[in-house]
Amino acid sequence: MGVSGVFLVSILTTSMSALGHLPPTILRPVGSMKLIPWSFYDRIITPNGMTALKVIMVASLLLSMVGLFTGFFTKTSAVLVLFYQGLLRSFGHYNHDEMVGVYFLLILAFTPCGDAFSVDTWRRRKTIGVEGFRYGYPVLLMMLLLAWAYFSSALIKLRVAGLDYFNSENLPAMAIYHSLDNLHDTQFKLAFLLPTVRWFLPAVLLGVVIWELLFPVAVFWRSARWWILGAGVVFHLLTLFFMNIFFPHHLLMYLVFVDWDRIIRRIRAVPMPGFRERKPLQDW
């Protein structure tokens with residue numbers, strides 16, 4: 001519900017008809033997008049075509065979010081979001097914010113994610129047990145994917161830049177560049193304060209790289225999980241204000257680390273005033 005809901009809100013707040021005003025001639029298909037004929041792009045990259053795509057995506061994501069015909073609509077949602085992301089990247093702007101969420105959609109499309117909390121379960125009027133490996137391994141897989149996204153980010157920094165990444169001039173230059181270019185929102189200007197404290201920035205960059213390398217610990221060590229995830233929230237907020245780069249999809253995927261079963265058990269354990277506790281069925 002959370003993963004589909006994140007993309008649903010994203011699509012609802014995006015003016016996809018504006019994308020349809022771009023000429024298809026500037027499109028440079030990437031990857032498997034090259035297999036789609038140009039005649040299809042000529043039809044879809046129009047205001048009406050993009051509006052139709054938006055309506056179909058909203059309907060599919062809404063139904064997969066509430067869990068109606070979950071097996072079908074989780075698959076259509078994954079395919080539609082993957083196509084939409086490929087279409088955006090074919091115009092030349094690459095962004096890895098949504099990629100973890102896309103992987104999550106693909107995992108949910110082929111796992112029994114609608115067996116408990118869904119309209120399908122309500123329609124069957126019976127509860128399916130949610131214990132067992134087939135319900136646990138998709139959650140573990142999503143945790144590992146999110147952890148790998150951060151861990152590999154640190155590895156790429158070290159592989160490409162090496163120790164030069166921790167240069168005191170590196171972060172101010174990147175932050176100011178992103179605050180002035182035309183591929184990011186530029187409403188925040190805190191980046192121009194960084195040169196005045198550049199003596200402190202190598203320690204900040206070192207701390208970020210160490211945090212990214214340690215992110216996989218959150219998968220296996222519950223005591224450290226909330227410290228690592230909390231640091232992630234702070235990190236993404238700082239990149240928003242200082243670099244005009246935000247990763248809302250990435251950040252909201254932290255939902256996979258929440259033990260929802262434990263939360264539900266605690267809620268059910270709270271006595272409701274005015275209601276008497278029912279005796280278990282076997283007692284009768």
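By the 4.5 Å heavy-atom criterion applied to side chains, Phe151 and Leu155 are counted as neighbours. A 4.5 Å side-chain heavy-atom check between Leu158 and Phe166 finds at least one atom pair inside the cut-off. Proximity of Tyr135 to Thr111: side-chain heavy atoms (C-beta onward) are nowhere separated by under 4.5 Å. Side-chain atoms of Leu61 and Leu80, non-hydrogen and from C-beta on, never get closer than 4.5 Å to each other. You'll find the side chain of Met65 stays beyond 4.5 Å of the side chain of Phe7, heavy atoms only. Contact check for Arg265 versus Arg262: side-chain heavy atoms found under the 4.5 Å cut-off. Considering only heavy atoms from C-beta on, Pro248 comes within 4.5 Å of Asp97 through its side chain.
Checked against ring pair (Phe, Tyr, Trp, His ring centres under 6.0 Å), Trp38 has the following partners two or more places apart in sequence or in another chain: Tyr41. A search for side chain to side chain contact (heavy atoms under 4.5 Å, CB included) contacts involving Phe242 returns Leu190, Leu194, Leu238, not counting sequence neighbours.
Linking ILVMFWY side-chain heavy atoms closer than 4.5 Å, directly or via other members, places Phe110 and Ile107 in two distinct hydrophobic clusters.
A perpendicular orientation is assigned to the rings of Phe40 and Phe83, their planes being inclined by more than 60° (bins at 30° and 60°).
A donor and an acceptor atom, one from each side chain of Thr74 and Ser64, are nowhere located under 3.5 Å apart.
Side-chain rings of Phe257 and Trp226 stay apart, their centers remaining 6.0 Å or farther from each other.
When the shell of 6.0 Å around OH of Tyr84 is examined, it contains more than 12 heavy atoms from other residues, nucleotides or ligands.
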